[in-house]
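Computed from a predicted model, the values in this text were never measured in an experiment. Throughout, protein chains are lettered first and strands after them, A, B, ... in sequence-line order, and every chain is numbered starting at 1.
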Number of protein chains: 2
Amino acid sequence: MKRPPKAPSITVSDVARQAKVSKATAARALGGYGRVSKTVRAAVLEAAKALDYRPNELARSMTTGRSGSIGVIVGDIENPFFSLAVRGISDVARRSGINVILANSGEEVEAEKSAIRVLMAKQVDGLIVTPAQSGDIAHLKEIACPLALLDRALPELDVDTVTVDDRNAALRATRMLTQAGHRRIAYVTAAVLSGDFRGAESSINTSTVRERILGFLDACREAGIEEAERDIHFGSGRSESAHAVLLQLLRSADRPTAILASDSVVALDLFKAIRECGFGIPRDISLITFHDADWTSVTTPPITVIDQPVYALGKSVAELLIRRLKGDDRPPERIVLPTTIIERMSVGRSPEAIGQGLNRS
Amino acid sequence: MKRPPKAPSITVSDVARQAKVSKATAARALGGYGRVSKTVRAAVLEAAKALDYRPNELARSMTTGRSGSIGVIVGDIENPFFSLAVRGISDVARRSGINVILANSGEEVEAEKSAIRVLMAKQVDGLIVTPAQSGDIAHLKEIACPLALLDRALPELDVDTVTVDDRNAALRATRMLTQAGHRRIAYVTAAVLSGDFRGAESSINTSTVRERILGFLDACREAGIEEAERDIHFGSGRSESAHAVLLQLLRSADRPTAILASDSVVALDLFKAIRECGFGIPRDISLITFHDADWTSVTTPPITVIDQPVYALGKSVAELLIRRLKGDDRPPERIVLPTTIIERMSVGRSPEAIGQGLNRS
DNA sequence: TTCATGTTTGAGACCGGTCTCACAAGAAAA
DNA sequence: TTTTCTTGTGAGACCGGTCTCAAACATGAA
């Protein structure tokens with residue numbers, strides 16, 4: 001199957017022989033542990049250089065138990081949100097000499113489980129996960145190494161977690177919409193809800209999703225909007241069918257006049273769908289989205305966004321996890337990073353409000 | 001340093017003891033190699049399940065020499081081009097049960113070298129690299145495992161390579177510009193040129209960069225444009241200073257009337273800079289960019305792009321590399337994938353051409 | 001000079017798998 | 001019945017590092 005293993009790779013023993021010392025001594029000099037006299041160390045190092053010795057991390061990991069790498073499981077690397085967060089993680093990791101094994105769950109629990117299994121088998125020292133679902137988290141509880149959660153908290157899982165102030169962010173954004181006179185406001189997310197949603201927020205375990213919906217509903221309630229729940233749409237992922245659902249929503253008689261999108265991918269899809277329907281932003285529909293993605297500032301009109309500190313999000317989890325790897329055992333921390341709303345031009349007064357001359361401010 | 005290694009992990013020996021067979025037999029049943037009787041296998045598997053045995057991949061890799069993972073070194077995961085390509089790679093890899101260790105070079109050779117060292121030490125079975133520079137490739141030649149190049153070919157390195165038809169793509173795009181009457185056309189790239197560029201194409205070793213410039217110059221020559229070389233701008237990476245250089249370019253007296261951008265990140269920066277200068281696209285400046293990024297279709301006007309099969313690019317290298325890992329030893333392949341130009345609204349007639357009524361077609 | 005202390009070194013076990021080899025037992029061939 | 005395969009199993013070496021332990025040597029105090 002494999003080419004005659006051409007790797008007659010140089011080992012400590014080879015170096016030891018060359019330097020005329022014992023394997024143990026050579027290993028000490030090479031590995032930088034234990035005590036070795038200056039002269040011997042120099043000799044060993046020279047021999048190593050001459051032989052072009054390269055340590056085998058795998059073998060090292062075997063005995064130390066530490067692999068020097070962490071696993072990161074995200075929903076979708078293609079989503080700029082995740083790629084930026086991953087960037088934050090890997091920058092921190094590299095600085096600590098740790099490397100990152102990346103896995104995509106595609107937001108599917110089964111893929112997530114499998115990824116965990118594989119990464120654990122690879123003996124990663126720690127794991128950073130963005131849980132795809134909330135209901136099924138047994139596999140997360142079983143993880144034997146330090147675990148940290150990124151962007152999505154799980155109340156039942158008491159581990160280091162970094163999220164943003166989702167509820168408040170959603171509240172502020174939605175309020176911006178209600179204050180512009182909107183009464184039919186939709187919240188559109190790619191998250192998939194297992195089961196039916198009928199106002200039972202408690203059934204949503206993924207913090208990000210639940211908190212945002214809670215904030216959304218808070219604002220609606222505050223404005224006296226009833227049955228806001230019916231305008232919450234799940235499962236608007238990257239697919240033809242999701243796009244079709246969006247078009248249907250926009251073309252329905254009692255379509256929303258404002259939309260809050262849960263991430264920039266969904267928002268882009270919405271933006272296209274809105275245009276496809278011939279609607280104008282913000283004339284016919286107002287739009288706000290989570291994540292200040294590249295494109296949101298160059299569209300016409302530019303989109304008002306909830307700016308999340310994505311890079312910092314990644315940076316923070318990585319720091320938390322690495323600190324724990326180093327032996328820190330204070331109780332798990334739950335860091336909540338603040339968001340800011342960047343107002344651009346995608347929010348306008350509700351057509352109805354204008355028509356009725358209501359709510360002017 | 002580390003918590004008292006709480007990992008009294010279950011090993012084959014434990015399972016063997018439980019199943020009352022020898023370690024060797026248990027290993028055979030568990031590892032699925034050699035011959036084991038049905039009954040014994042069942043017993044071992046049951047014992048393994050009871051004990052919740054999980055194989056240690058590291059140990060396995062040690063003896064087999066295979067680690068079951070490949071390393072991928074890209075310039076910048078944040079760039080949608082790379083994240084999409086990585087997606088292609090990891091999809092293929094997962095299907096083969098191989099996982100991906102990702103590293104960012106930040107387009108810096110030193111980081112690239114270091115990443116290679118680390119990944120080699122981790123005993124990756126193969127490596128996919130997007131070489132940051134072209135001059136300094138000694139470290140790539142020294143790589144002991146199968147290597148494949150993504151998006152950028154290196155003539156001196158005879159390994160599996162997947163690129164796109166850069167020269168022809170640049171030629172067609174530039175021709176589109178010359179045919180619209182443009183005479184001052186700039187090519188803007190993030191690539192950094194070591195040394196000075198004075199028409200010495202041969203000094204550029206990175207195929208992608210060289211081929212595109214060649215195509216660009218072909219088209220210029222074809223249109224009788226002289227000294228097109230002076231309008232080639234390197235180093236427009238993601239930075240404040242790069243942006244400043246762009247602004248300066250756009251504000252100069254003899255600014256270009258059309259620009260070809262080498263990737264969507266540069267193009268977005270250009271788009272913003274052009275707007276910042278108060279110019280209209282395509283009225284004052286025409287723009288074409290490589291890579292059909294998300295945002296290019298939603299700007300006003302939407303941007304004409306050279307659509308590269310990015311996902312396929314990743315998919316192909318991964319397939320090539322994995323095939324080689326499996327023992328295939330036919331000579332290295334160089335696959336060139338075709339691109340198509342998606343015409344949108346960012347190309348207009350040159351202001352001069354309009355003024356002089358020239359070149360109408 | 002002798003004993004205590006400290007430094008440097010080598011021998012060999014160990015990590016958790018794979019794999020070679022020898023041997024036993026049953027099946028098929030002589 | 002004896003010989004030859006075939007199949008299933010166990011003992012133990014091995015991968016390439018780390019690490020424990022004790023021996024060898026050096027140094028300083030008594």
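- With D/dG17, C/dG16, C/dT18 as the choices, the nucleotide that has an atom nearest any side-chain atom of B/A59 turns out to be C/dG16.
- Atom CZ of B/R54 is separated from atom P of C/dC15 by 20 Å (rounded to the nearest Å).
- An OP1 or OP2 oxygen of C/dG17 is reached within less than 4.0 angstrom by a side-chain nitrogen or oxygen of B/Y53.
- In this structure, CD of A/Q123 is placed 15 Å from C1' of D/dG17, rounded to the nearest angstrom.
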Treating primed atoms plus P, OP1 and OP2 as sugar-phosphate and everything else as base, which nucleotides of nucleotides 6-11 of chain D get B, S or - for protein heavy atoms under 4.0 Å? -SSBBB
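- Regarding A/M62, its CE atom lies at a distance of 13 Å from the C1' atom of C/dA13, rounded to whole Å.
- Distance, B/R60 CZ to C/dC15 C1': 15 Å, rounded to whole Å.
- For B/R66 and D/dC15, the CZ to P distance is 16 Å, given to the nearest whole Å.
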Pair B/D91, B/R95 - check side-chain contact (heavy atoms from CB on, under 4.5 Å), show working. CA-CA 6 Å; B/D91 282 357; B/R95 233 171 288 135; 3.9 Å; yes
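- OP1 and OP2 of D/dC19 both lie 4.0 Å or more from every side-chain N or O belonging to A/Y33.
- Atoms CD1 and CG, on A/I98 and A/D125 in that order, are 6.5 Å from each other to the nearest 0.5 Å.
- B/E319 has a carboxylate O that lies under 4.0 Å from a charged side-chain N of B/K315, or vice versa, which qualifies the two as a salt bridge.
- Side-chain contact between A/V159 and A/L140: absent, with no pair of heavy atoms (C-beta onward) separated by less than 4.5 Å.
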Contacts table for residues 70-79 of chain A: side-chain donor-acceptor under 3.5 angstrom, sequence neighbours left out:
from, atom 1, to, atom 2, distance (Å)
A/D76, OD1, A/E78, N, 2.9
A/D76, OD1, B/R87, NH1, 3.4
A/D76, OD2, A/R238, NH2, 2.9
A/E78, OE2, B/R87, NH1, 2.8
A/N79, OD1, A/F81, N, 2.9

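- B/L58 has its CG atom 12 Å from the C1' atom of D/dC15, to the nearest Å.
- Put simply, the side chain of A/T11 does not reach to within 4.5 Å of the side chain of A/N56, judged on heavy atoms.
- The phosphate of C/dC15 has neither OP1 nor OP2 within less than 4.0 Å of any side-chain N or O from B/T11.
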